[in-house]
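This report concerns only the one structure given below.
Treat the numbers as computed from the prediction; the structure is a model and nothing was measured. We number each residue from 1, following the sequence as shown.
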Amino acid sequence: MMLKRRITVLLIAGLVIAGVVAVYYMPQWQQTQAASKGGRRGGPPATDPVPVLATAARAADVPVYLDGVGTAKALNTVTVRAQVDGKIINISYTEGQDVPKGFVLAKIDPVTYQAAYDQTVAKKAQDEAQLANARLDLERYIRLSATNAINKQQLDTQKSLVSQLEAQVKLDQAAIDNARAYLSYTDIIAPLTGRTGIRMVDEGNLVKASDTTGIVVITQVQPISVFFSLPQQNLPDLNKGLVEGPLPVDAFGADNKTALDKGKVLVIDNQVDQTTGTVKLKAEFPNTNLQLWPGQFVNVRVLIDTLRQVVAVPTAAIQRGPNGTFVYVVKDDNTVTVRRVTLTQQDDVQTVVATGVQAGERVVTTGFARLTEGTQVTVSSAEDAGQVTPGDQPRPDGTRGKRSGEKGKRNPGSGGPPAKNP
C-alpha cells in the first residue's frame, strides 16, 4: 500500500511540473509557429514589409463634366394624313424605309378628282370662246361709234360684257388651280426626309381628310435631338461655356460606359422648372450609326471646362477619416506617410488634388488595411497590375477652358471633396 501511494504521489508531482513547464514555454512556441506559418494564414510576418500597389500622381489637363439623363427625340416628326377622301389604290413604301422628301407614299383613286379638273378646264375654254367673240363685237362697235352708226349706250354695254367675261375666265382659272390641287392630293407624298414607321392603313381602305389616325408616321432621326435637364446651380457654368460656342456632349448607353454618339448643346431653355429646380437643354447628334432612337433614354455628359495642368490621382487612392480626406504617400525609403489633401473635382476614375500631393509622388491605391505612419512597404505598380490604365482616363478635346485648378477655391480648407457634379 505504501508503495502504491508513493507511485501516485510521484505521478501527480510529475504532472504538476509538466503543466508549469508548458505554461511557461507555450507563448514563445506559439509565436514561433505563427511566424513560421504566417504565409499560410494569409499575411506576412509582422516584421515583413506590407505589399501595396501605388501609382504616381501626374500633372494633366482634366475635363470638367456635367452628367444627366436625357431622352432622344426625332428632330422632326410628321403624321402623314390624307387631304382628300377616297380609296387607297396603291402603297409604295415599306415599313421602316428611309424616304426622301417628295417621295410618293400612297395613291388615292383619282378618277373623280380628274373628272372635276377636266370639267373646270372645259368651262374655262367655253368662257374664253365667249370672251373672244365679245372682243370682236367690241372692236366693231368702236368703229361704228366713230361714225355715229350706233349709240354710245350700246358700246358701253359691250365693254361691260367683255370685262364680265374676262373676270369669268379668271374665275375659271382659279377653279382649275383648285381642282388641280385636289387632284395632286391623291398622291400622298413625304413632307420631309425621314424613316417611315408601321403602316396604319392598308391598300384598298377608304380614307377621309377628317381622319386623325393618319397613314404613317415619318421621323427624322439623322440628325436627332436629345433633351435632358441639369440642376439650376450649373446655369452659370453652362451659360459661360455656351458663350464660347456649342458645348460638346457625349451620349452613353444604360451602362454609362458604351459611347453612342458625340454631339453639341444647341440651346438652354429660357426658364427654370420651379417644381424640380432644373433647366432643360437641347442637344443635337448626327446619329450616323443610328445608335440613338426616338424615345430612348440615354446618359449624357456635357464638357463645360478643362482644368489645365492640375495634379490628378486615381480615385482609389483617396481615403477618408475623422479629420477629412488623406492619401498614403510612398517615400523614397519605401515607407508610407499620411498626407492630408484637399480635392477640386472627383469622379469614379480620377480625382484632382488641390493641395497635399505634388506631381510625381507615389500614392497607394490598394493595401491600406495594415498601413500606418512610417510602415515599411513593398511597392508594385498599379499600372502593371491593371488597376490604373492611363489610356482609360478621359481626355479633353483641348478646346474649352483656360483655368488651372482655380475651382479648388470654391471649398478652401474643407479637407474634403466638393459635391460630385450631377
>> If I compare all heavy atoms of L242 with all of V265, which pair ends up nearest, and what's the gap?
In response: CD1-O, 3.9 Å

>> Would you compute the distance between atom OG1 of T335 and atom CD of Q376 and round it to the nearest 0.5 angstrom?
In response: 6.0 Å

>> Can you confirm whether the side chains of Q309 and D61 place a donor and an acceptor under 3.5 Å from each other?
In response: yes

> Is there a donor-acceptor pair under 3.5 Å between the side chain of Q232 and the backbone N or O of T278?
Replying inline: no

> Would you say the side-chain atoms of T365 and T55 include a donor-acceptor pair closer than 3.5 Å?
Replying inline: no

> Do you know the tightest heavy-atom contact between A56 and G360?
Replying inline: CB-O, 4.0 Å

>> One pair to check against side-chain contact (heavy atoms from CB on, under 4.5 Å): V84 and Y113. What are the steps and the verdict?
In response: CA-CA 9 Å; V84 293; Y113 300 100; 3.5 Å; yes

>> Can you tell whether the side chains of D187 and K107 come within less than 4.0 Å, N to carboxylate O?
In response: yes

>> If you apply the rule side-chain contact (heavy atoms from CB on, under 4.5 Å), what do you find for T325 with L343, and how did you get there?
In response: CA-CA 8 Å; T325 53; L343 311 180; 4.3 Å; yes

>> For the residue pair T275 / D273, report whether a side-chain donor-acceptor contact shorter than 3.5 Å exists.
In response: yes

> Where the side chain of Q154 meets the backbone of N151, is there a donor-acceptor pair that is under 3.5 Å apart?
Replying inline: no

> Between CD of Q220 and CG of D98, what distance do you get to the nearest 0.5 Å?
Replying inline: 11.0 Å

>> Less than 3.5 Å apart, any donor N or O on the side chain of T342 or T355 sitting next to an acceptor on the other?
In response: yes

> Roughly how far, to the nearest 0.5 Å, is the CG atom of L53 from the CZ atom of F368?
Replying inline: 9.0 Å

>> What I'd like to find out is whether the side chain of F103 reaches to under 4.5 Å of the side chain of Q97, using heavy atoms alone.
In response: yes

> Considering all heavy atoms of both residues, which atom of L155 and which atom of S145 are nearest to each other, and what is their separation?
Replying inline: CD2-OG, 3.8 Å

>> Exactly one of Q158, K152, K159 should register a side chain to side chain donor-acceptor pair (under 3.5 Å) with D156. Which one does?
In response: K152

> Just wondering, are more than 12 heavy atoms of other shown residues or ligands nearer than 6.0 Å to CD in Q358?
Replying inline: no

> Counting only N and O atoms by type, is there a donor-acceptor contact under 3.5 Å from the side chain of D211 to the main-chain atoms of K208?
Replying inline: yes

> Do I318 and V313 touch side chain to side chain, with heavy atoms closer than 4.5 Å?
Replying inline: yes

>> Test your reading of the model: is there a side-chain donor-acceptor pair from R81 to the backbone of T212, 3.5 Å cut-off?
In response: yes

> Looking at OG1 of T77 and CD1 of I218, how far apart are the two atoms once the value is rounded to the nearest 0.5 Å?
Replying inline: 10.5 Å

> Salt bridge or not for E166 and R135, using N-O below 4.0 Å?
Replying inline: yes

>> Is it the case that the side chain of E244 and the backbone of G241 share a donor-acceptor pair, with hydrogens and angles ignored and the cut-off at 3.5 Å?
In response: no

> Charged N to carboxylate O under 4.0 angstrom, R180 versus D177?
Replying inline: yes

>> Any donor-acceptor pair under 3.5 Å linking the side-chain atoms of T375 with those of T372?
In response: yes

> Does any non-hydrogen side-chain atom of V201 lie less than 4.5 Å from one of T213?
Replying inline: no

> Looking at I224, V267, V226, L75, which hits side chain to side chain contact (heavy atoms under 4.5 Å, CB included) with E284?
Replying inline: L75

>> Checking T351 against T315 for the side-chain hydrogen bond (donor to acceptor under 3.5 Å, both in side chains) test, could you report, in this order, the C-alpha distance in whole Å, the side-chain angles of both residues, the deciding distance, and whether it holds?
In response: CA-CA 5 Å; T351 300; T315 300; 3.1 Å; yes

>> For E373 and T337, which I'm curious about, is there any donor-acceptor pair between the side chains at under 3.5 Å?
In response: yes

>> Are I88 and V207 packed together at the side-chain level, in the sense that at least one heavy-atom pair is separated by less than 4.5 angstrom?
In response: yes

> Counting only heavy atoms not in K264, do more than 12 fall under 6.0 Å of its NZ?
Replying inline: no

>> For E361, is there an ion pair with K331 - N to carboxylate O distance below 4.0 angstrom?
In response: no

> Between P100 and A190, what is the shortest heavy-atom contact and its length?
Replying inline: O-CB, 3.7 Å

>> With no hydrogens and no angle check, just 3.5 Å: does a side-chain donor-acceptor pair link S92 and N90?
In response: no

>> Would the distance check show the side chain of T193 and the main-chain N or O of K101 forming a donor-acceptor pair, the cut-off being under 3.5 Å?
In response: yes

> Of the non-hydrogen atoms in R199 and E95, which two are nearest, and what is the gap between them?
Replying inline: N-OE2, 2.7 Å

> Would a distance-only check, ignoring hydrogens and angles, find a side-chain to backbone donor-acceptor pair under 3.5 Å from T71 to F227?
Replying inline: no

> Do NZ/NE/NH1/NH2 and the carboxylate oxygens of K87 and D109 come within less than 4.0 Å?
Replying inline: no

> With side chains defined as the heavy atoms from C-beta onward, is the minimum distance between V80 and L105 less than 4.5 Å?
Replying inline: yes

>> Nearest 0.5 angstrom please: D261 CG to L292 CG, how far?
In response: 5.5 Å

> Which is it for T196 and V99 under the side-chain contact (heavy atoms from CB on, under 4.5 Å) test, yes or no, and what are the steps along the way?
Replying inline: CA-CA 7 Å; T196 59; V99 295; 4.0 Å; yes

>> With a 3.5 Å distance limit and no angle check, can you tell me whether T120 reaches the backbone of Y117 through a side-chain donor-acceptor pair?
In response: yes

> How long is the span from the CG atom in L161 to the CG atom in L138, to the nearest 0.5 Å?
Replying inline: 9.0 Å

> Would you call D67 and R301 a salt bridge, taking side-chain N to carboxylate O under 4.0 Å as the test?
Replying inline: no

> For A134, does its backbone N or O pair with a side-chain atom of E139 as donor and acceptor, under 3.5 Å?
Replying inline: no

>> Walk me through whether V50 and L371 qualify under side-chain contact (heavy atoms from CB on, under 4.5 Å).
In response: CA-CA 8 Å; V50 178; L371 295 184; 4.2 Å; yes

> Side-chain contact, heavy-atom cut-off 4.5 Å: V298 with V69?
Replying inline: no

>> Less than 4.0 angstrom from a charged side-chain N to a carboxylate O is my criterion; do D137 and R140 meet it?
In response: yes

> If only atom types and distance count, is the side chain of D347 paired as donor or acceptor with the main-chain N or O of Q350 below 3.5 Å?
Replying inline: yes

> Is V302 close to P248 at the side-chain level, that is, under 4.5 Å between some pair of heavy atoms?
Replying inline: no

>> So which atom in V272 and which in G277 form the shortest heavy-atom distance, rounded to 0.1 Å?
In response: CG1-C, 4.1 Å

> So do Q296 and L260 actually touch side chain to side chain, heavy atoms under 4.5 Å?
Replying inline: yes

>> Ignoring hydrogens and geometry beyond distance, is a side-chain donor-acceptor pair present between Q291 and N287 at under 3.5 Å?
In response: no

